[in-house]
Amino acid sequence: MGTLETIIADAQARGKKYFIKVANLGTTMFGSVDDPKTYTDLYERLGIRYKLHIDGAYGGFVYPFSNTASTISFEDLNVSSITIDAHKMLQAPYGTGIFICRKGLIENTLTKEAEYVEGMDLTLCGSRSGTNAVAVWMILCTYGPNGWFEKISILQMRTSWLCKMLDKIGIPYFREPFMNIVTINAEFVTEATAARFDLVPQKHDSSNQWYKVVVMDHVENEHLALLANALNDNVPSFQ
Ligand SMILES: *Cc1c(COP(=O)(O)O)cnc(C)c1O
């Protein structure tokens, strides 16, 4: 029995009948993407009733555009719901997380706690900001699907370029294909370099093992070249 199957068997033994799997479409530190089939194939084989949620908070505005063959979307009938944050890669104002689910599921979130809001607690009501929704709409309309695809394609090229440099220098890193994040082993990064380039640590204390570079619009090849040079200065064996 695999690890996952053991976990499920344990949960069933404790009386759990239904499962919700949250599959990540880009983790925050590594950008790593889960293959939902790892879970759904097993659930199907075991005859388990489940829902599958896709956490696309970070990668939702990247991965589907860079990996156009990806089926991590509502195209996959097993996907019940998706979250996607416009305040990450889309650079919309904070508080623009988006939750989308299949018809018939949103009713499960209508809680008694929100009864003071008149009508169904489904859309803009209470103190939710309509300005945020308008901002997201405007950003999306300004890029258009082709403009956004182009932007993501450029970021992919720059990310691959940084990886090529790191390969050359011999610095270990993690990069999920089709994502714009490169996570570098902290052993190879001096504090001075981390500070100079504002690298984001996994942990904000001495136990930190990773620094990440998120390649965005303002992170151009010339900046990445400076970083690669600084990292190279710490690897004496390279020549
Ligand atoms: C940012 C993030 C969240 C949390 O989203 P917020 O809407 O900013 O609270 C959840 N999952 C992942 C992978 C994230 O990157």
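Counting begins at 1 with the first residue of the sequence. Start at 1 and go down the list; that is how both ligands and their atoms are numbered. For the numbers below, each heavy atom of this structure counts, side chains included, while hydrogens, waters and symmetry mates do not.
In this comparison of S32, G95, G60, A57, the heavy atom closest to atom 12 (C) of ligand 1 sits on A57. In this structure, of T27, T96, D55, the residue bringing a heavy atom nearest to atom 11 (N) of ligand 1 is D55.
Ring centroid separation for the pair W210 and F174 does not come in under the 6.0 Å cut-off. You'll find the ring centres of F65 and F149 outside the 6.0 Å limit.
At least one N or O atom of K88 sits closer than 3.5 Å to an N or O atom of ligand 1. Residue contacts with ligand 1: N24 is placed with no nitrogen or oxygen under 3.5 Å of a nitrogen or oxygen of the ligand (distance criterion only).
The T28 neighbourhood of ligand 1 comprises atoms 12 (C), 13 (C), 14 (C), 15 (O), with distances under 4.0 Å to a heavy atom of that residue. The atoms of ligand 1 that sit less than 4.0 Å from any heavy atom of G26 are 13 (C).
A donor-acceptor contact shorter than 3.5 Å links the side chain of R175 to the backbone of M179.
What sits closest to atom 7 (O) of ligand 1 on the protein, heavy atoms only, is D85 OD2, 2.9 Å. The nearest protein atom to atom 8 (O) of ligand 1, hydrogens excluded, is given as H87 NE2, 2.8 Å; this is a heavy-atom distance.
L226 is listed as a side-chain neighbour of R196, based on a closest heavy-atom distance under 4.5 Å. No side-chain heavy atom of I20 sits under 4.5 Å from any side-chain heavy atom of Y50.
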Carefully, step by step, assess K21 and Y43 under the rule side chain to side chain donor-acceptor pair (under 3.5 Å). CA-CA 10 Å; K21 173 61 200 166; Y43 288 149; over 6 Å; no
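No hydrogens or angles considered: a donor-acceptor pair under 3.5 Å links the side chains of T193 and T190.
A heavy-atom separation below 4.0 Å is not found between G56 and ligand 1.
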